[in-house]
Enquirer: 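Take this structure first; my questions come after.
Residues: numbered from 1 along the sequence shown.
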Amino acid sequence: MQNPVLFWLRRHLFSSVLQTVLTLLLLTVILLVGSSLLRWGVINAVGLSGNVEQCRAATGACWAVIGEKYRPILFGLYPYDEQWRAALAMLVWFITVGVSLSPACWHSRLLWPLWLISLATMSVLMSGGVFGLKPVPSADWGGLPLTLLLFSGTVIIGMPVSVMLALGRRSPLPFLRGLSVIFIEGLRGVPLITILFVAVNVFPLFLPADMEVNKLLRIIIGIALFFACYQAEVIRGGLQSVPRGQYEAAAVLNLGYWHTTTKIILPQALRICLPAVTNHIIAAMKNTSFVIIIGLFDVLTATSAVMQDPQWRRYYIESYVFIASLYLLFGFLLSRYAVWVEGRIDARRNPEGVS
């Protein structure tokens with residue numbers, strides 16, 4: 001019996017002369033680059049517990065900059081003595097995400113209250129002013145907690161809006177369809193930076209003199225609407241991919257528009273466009289870095305600010321590798337979770353594996 005490992009190698013890597021040459025070339029490049037990275041990042045590197053003098057004498061990476069600057073990187077301008085509150089807010093966020101990802105909790109009656117309570121708890125912890133907590137203005141929020149709050153608000157507000165815009169653009173009512181088209185094309189046609197400037201500087205001009213809307217809330221709504229316009233077109237593509245027979249079957253059963261849409265059409269459309277939806281959600285996480293334009297310090301901007309320290313400035317690569325690893329970990333976990341959800345849906349639709 002043939003060894004399965006050798007069979008796989010022969011079939012996928014060495015099936016022809018050209019493929020064998022390409023495989024060997026790629027392996028050579030991987031070994032050369034990998035060995036260099038290994039020497040720089042591990043063998044000749046200074047660990048987290050090192051100091052700046054050791055880093056200056058080393059020929060590899062200086063991970064001591066992470067051990068020295070991790071608090072301003074993770075928490076930005078948030079007051080040092082109150083950073084336990086920001087850490088607790090992040091813990092609340094991670095617990096909420098963990099609960100939300102469980103299939104047993106996939107119900108709107110549970111998820112919406114859970115996220116509303118979670119975001120309210122995070123806001124109270126971050127802002128203070130109640131329960132004996134020291135007030136901290138939103139201008140001093142920063143780092144990873146701010147990134148998570150911006151991202152959560154963007155998705156929670158943006159996803160329902162994107163669904164409504166997608167349905168509106170396919171509506172038989174000309175006024176509703178035209179309004180959705182104008183809204184989508186208008187916001188997609190301008191950069192996100194412009195929307196942030198409008199939310200911060202222009203929107204308050206239309207409010208009464210004695211009325212003020214929190215700057216962070218305005219930013220979250222602006223990013224969420226921008227996200228919703230792109231996501232709406234993805235969902236519209238999914239709606240167009242649902243076979244016409246599904247609509248006709250619902251009409252035969254005398255089902256109303258909303259029942260047909262929410263119970264039959266929309267679930268199929270979201271399943272079809274799930275990879276693209278996931279892609280835009282991952283992009284929403286990275287779009288939070290644009291808030292530097294209006295003076296907020298997310299985790300990436302906080303890292304850039306920290307690297308102004310003359311003693312540690314030369315080790316900026318290590319800091320950005322650390323932040324890139326956080327973004328990479330988030331994107332990878334979310335993409336793998338989306339794949340798992342697709343597999344779960346397919347298994348429920350086809351439990352016997354019949355093609």
Enquirer: Would you check if Leu270 and Leu274 make a side-chain contact, meaning some heavy-atom pair closer than 4.5 Å?
Expert: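 No. Closest side-chain heavy atoms not under 4.5 Å.
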Enquirer: Check Tyr337 against Ser100 and note the closest heavy-atom contact, atom names and distance.
Expert: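 Scanning both residues, the minimum pair turns out to be OH-O, 4.5 Å.
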Enquirer: Mark yes or no: Arg10 above the aromatic ring of Phe7, with NZ or CZ under 6.0 Å from the six-membered ring centre and no more than 45 degrees from the axis.
Expert: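 Ring-cation test returns no.
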Enquirer: Report the residues that fulfil salt bridge (charged side-chain N to carboxylate O under 4.0 Å, His left out) with Arg218, sequence neighbours left out, ordered by chain and then residue number.
Expert: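 Not a single residue meets the salt bridge (charged side-chain N to carboxylate O under 4.0 Å, His left out) criterion with Arg218.
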Enquirer: CD1/Ile323 to OG1/Thr303 distance, rounded to the nearest 0.5 angstrom?
Expert: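 Here the interatomic distance stands at 3.5 Å.
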Enquirer: Within a strict 4.5 Å, meaning less than it, do heavy atoms of the Phe75 and Asp140 side chains meet?
Expert: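 Side-chain contact under 4.5 Å: no.
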Enquirer: For Leu31, which fellow cluster members are found when Ile, Leu, Val, Met, Phe, Trp and Tyr are connected by side-chain heavy-atom distances below 4.5 angstrom, either directly or through intermediates?
Expert: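 Members alongside Leu31: none; it stands by itself.
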Enquirer: Can you run down the side-chain hydrogen bond (donor to acceptor under 3.5 Å, both in side chains) pairs that involve residues 290-300, sequence neighbours left out, and say none if there aren't any?
Expert: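 As it turns out, the side-chain hydrogen bond (donor to acceptor under 3.5 Å, both in side chains) pairs with a partner in residues 290-300, which skip direct neighbours, are Asp298-Thr301.
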Enquirer: Listing request: all side-chain hydrogen bond (donor to acceptor under 3.5 Å, both in side chains) pairs with a residue in residues 315-336, at least two apart in sequence or in separate chains.
Expert: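 Residue pairs with at least one partner in residues 315-336: Ser304-Tyr320.
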Enquirer: Do the side chains of Leu255 and Tyr247 get nearer than 4.5 Å, heavy atoms only?
Expert: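 With C-beta onward as the side chain, the pair stays apart.
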Enquirer: Using the rule that Ile, Leu, Val, Met, Phe, Trp and Tyr join whenever any side-chain heavy atoms are under 4.5 Å apart, tell me whether Leu196 and Phe183 fall into a single cluster.
Expert: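 Looking at the clustering, Phe183 is in the same group as Leu196.
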Enquirer: Would you confirm whether Thr147, through its side chain, and Gly143, through its main-chain N or O, come within 3.5 Å as a donor-acceptor pair?
Expert: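 The answer is yes, because a donor-acceptor pair under 3.5 Å joins these two groups.
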Enquirer: Search all heavy atoms of Ala224 against all heavy atoms of Gly153 and return the closest pair with its distance.
Expert: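 Looking at all heavy atoms of both residues, the shortest contact is CB-O, 4.2 Å.
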Enquirer: Treating Ile, Leu, Val, Met, Phe, Trp and Tyr as nodes and any side-chain heavy-atom pair under 4.5 angstrom as an edge, say whether Ile345 and Val339 lie in one connected cluster.
Expert: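 Result: no, two separate clusters.
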Enquirer: Check the pair Phe297, Leu146 against side-chain contact (heavy atoms from CB on, under 4.5 Å), reporting the backbone distance first and the verdict last.
Expert: CA-CA 8 Å; Phe297 282 61; Leu146 177 62; 5.6 Å; no
Enquirer: Heavy-atom distance under 4.5 Å between the side chains of Thr28 and Leu25, does that happen here?
Expert: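 Sidechains of Leu25 and Thr28: no contact.
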Enquirer: Could you check whether any side-chain heavy atom of Ile223 comes within less than 4.5 Å of a side-chain heavy atom of Ile195, counting everything from C-beta outward?
Expert: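 Contact flag for Ile223/Ile195 side chains = no.
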Enquirer: Which pairs, with at least one residue in residues 55-67 and sequence neighbours excluded, count as a side-chain hydrogen bond (donor to acceptor under 3.5 Å, both in side chains)?
Expert: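 For residues 55-67: none.
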Enquirer: Does Leu101 share a hydrophobic cluster with Trp106, counting links as ILVMFWY side-chain heavy atoms below 4.5 Å and allowing steps through other members?
Expert: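 Looking at the clustering, Trp106 is in the same group as Leu101.
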Enquirer: For the residue pair Gly158 and Ala228, what are the closest heavy atoms and their distance?
Expert: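 Looking at all heavy atoms of both residues, the shortest contact is O-CB, 3.4 Å.
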Enquirer: Identify every side-chain donor-acceptor pair in residues 83-97 under 3.5 Å, counting partners at least two apart or on other chains, and give the distances.
Expert:
unit_1	atom_1	unit_2	atom_2	d
Gln83	OE1	Arg71	NE	2.7
Gln83	OE1	Arg71	NH2	3.1
Gln83	NE2	Tyr78	O	3.3
Arg85	NE	Tyr78	OH	3.4
Arg85	NE	Leu125	O	2.8
Arg85	NH1	Glu82	OE1	2.9
Arg85	NH1	Lys134	O	2.8
Arg85	NH2	Tyr78	OH	3.3
Arg85	NH2	Leu125	O	3.0
Arg85	NH2	Met126	O	3.4
Arg85	NH2	Lys134	O	3.1
Trp93	NE1	Ser152	OG	2.3
Thr96	OG1	Val92	O	2.8
Thr96	OG1	Ser118	OG	2.9

Enquirer: Applying a strict under-4.5 Å side-chain criterion to I, L, V, M, F, W and Y, I'd like to know whether Leu179 and Val161 cluster together.
Expert: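 In one cluster with Leu179: Val161, no.
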Enquirer: Going from CD on Gln246 to OG1 on Thr260, what distance comes out if it is rounded to the nearest 0.5 angstrom?
Expert: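 Gln246 atom CD to Thr260 atom OG1 measures 10.5 Å (nearest 0.5 Å).
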Enquirer: Taking the six-membered ring for Trp and the single ring otherwise, decide whether the centroids of Phe151 and Phe330 are under 6.0 Å apart.
Expert: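 Ring centroids of Phe151 and Phe330 are less than 6.0 Å from each other.
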Enquirer: Asn214 pairs by side chain to side chain contact (heavy atoms under 4.5 Å, CB included) with which of Ser127, Pro137, Ser138?
Expert: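 When Ser127, Pro137, Ser138 are each tested with Asn214, the side chain to side chain contact (heavy atoms under 4.5 Å, CB included) holds only for Ser138.
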Enquirer: Show which residues join Phe332 in its hydrophobic cluster (side-chain heavy-atom contacts under 4.5 Å, direct or indirect), or state none.
Expert: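 Other cluster members: Leu329, Leu333.
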Enquirer: Residues in salt bridge (charged side-chain N to carboxylate O under 4.0 Å, His left out) with Lys215, at least two apart?
Expert: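 Scan of Lys215 (salt bridge (charged side-chain N to carboxylate O under 4.0 Å, His left out), adjacent residues dropped) gives none.
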Enquirer: Would you compute the distance between atom CG of Leu13 and atom CG of Leu27 and round it to the nearest 0.5 angstrom?
Expert: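 With rounding to 0.5 Å, CG (Leu13) is 7.5 Å from CG (Leu27).
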Enquirer: As a quick check of understanding, evaluate side-chain contact (heavy atoms from CB on, under 4.5 Å) for Trp112 and Ile156, giving each step before the final call.
Expert: CA-CA 9 Å; Trp112 282 110; Ile156 291 174; 3.4 Å; yes
Enquirer: Could you state the interatomic distance from CG (Leu167) to CE (Met164), rounded to the nearest 0.5 Å?
Expert: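 Result: 6.0 Å between the selected atoms.
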Enquirer: Okay, side chain of Arg169, backbone of Ser180: is any donor-acceptor separation there less than 3.5 Å?
Expert: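 No, because the side chain of Arg169 does not come within donor-acceptor range (under 3.5 Å) of the backbone of Ser180.
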Enquirer: Would you confirm whether Trp312, through its side chain, and Lys69, through its main-chain N or O, come within 3.5 Å as a donor-acceptor pair?
Expert: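 Checked: no pair found.
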Enquirer: Work out which heavy atom in Ala232 is nearest to a heavy atom in Ala166; give both atom names and the distance.
Expert: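 Scanning both residues, the minimum pair turns out to be O-CB, 3.4 Å.
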Enquirer: Between side-chain atoms of residues 234-241 and protein atoms elsewhere (two or more places apart, or another chain), which donor-acceptor pairs fall under 3.5 Å?
Expert:
unit_1	atom_1	unit_2	atom_2	d
Arg236	NE	Glu233	OE2	3.2
Arg236	NH2	Glu233	OE1	2.8
Ser241	OG	Gly237	O	2.9

Enquirer: Gln19: what forms a side chain to side chain donor-acceptor pair (under 3.5 Å) with it, not counting sequence neighbours?
Expert: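 Residues passing side chain to side chain donor-acceptor pair (under 3.5 Å) with Gln19: Ser15.
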Enquirer: Donor-acceptor pair, distance only, cut-off 3.5 Å: does the side chain of Ser102 make one with the backbone of Val99?
Expert: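 Pair absent, no side-chain N/O of Ser102 close to backbone of Val99.
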Enquirer: Check salt bridge (charged side-chain N to carboxylate O under 4.0 Å, His left out) between Glu342 and all other residues, then give those that pass, not counting sequence neighbours.
Expert: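 Scan of Glu342 (salt bridge (charged side-chain N to carboxylate O under 4.0 Å, His left out), adjacent residues dropped) gives Arg271.
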Enquirer: Scan the side chains in residues 42-55 for donor-acceptor partners under 3.5 Å anywhere in the protein, sequence neighbours excluded, and list what turns up.
Expert:
unit_1	atom_1	unit_2	atom_2	d
Asn51	OD1	Glu53	N	3.1
Asn51	OD1	Gln54	N	2.8
Gln54	OE1	Asn51	N	3.0

Enquirer: Can you give me the closest heavy-atom contact between Thr154 and Ile220, atom names plus distance?
Expert: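 That closest heavy-atom pairing would be N-CG2, 4.1 Å.
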Enquirer: Is there side-chain contact between Leu216 and Trp141, with heavy atoms separated by less than 4.5 Å?
Expert: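 Sidechains of Trp141 and Leu216: in contact.
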Enquirer: Is it possible for you to say whether Phe14 and Val21 belong to one hydrophobic cluster, with membership spreading through side-chain heavy-atom contacts below 4.5 Å?
Expert: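 In one cluster: no.
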Enquirer: Compare all side-chain heavy atoms of Gln231 with those of Ile281 and state whether any distance is below 4.5 angstrom.
Expert: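 They are in side-chain contact.
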Enquirer: Can you name the nearest heavy-atom pair linking Phe227 to Val155, along with the distance?
Expert: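 Taking Phe227 first and Val155 second, the nearest heavy atoms are CE2-CA, 4.3 Å.
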Enquirer: Does the side chain of Met159 reach to within under 4.5 Å of the side chain of Val277, using non-hydrogen atoms?
Expert: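 SC-SC contact between Met159 and Val277 confirmed.
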Enquirer: Just verifying a value: how many Å separate Asn279 CG and Tyr230 OH, rounded to the nearest 0.5 Å?
Expert: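 Rounded to the nearest 0.5 Å, the CG-OH separation comes out at 12.5 Å.
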Enquirer: To the nearest 0.5 Å, how far apart are OG1 in Thr261 and OH in Tyr257?
Expert: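 It comes to 4.0 Å.
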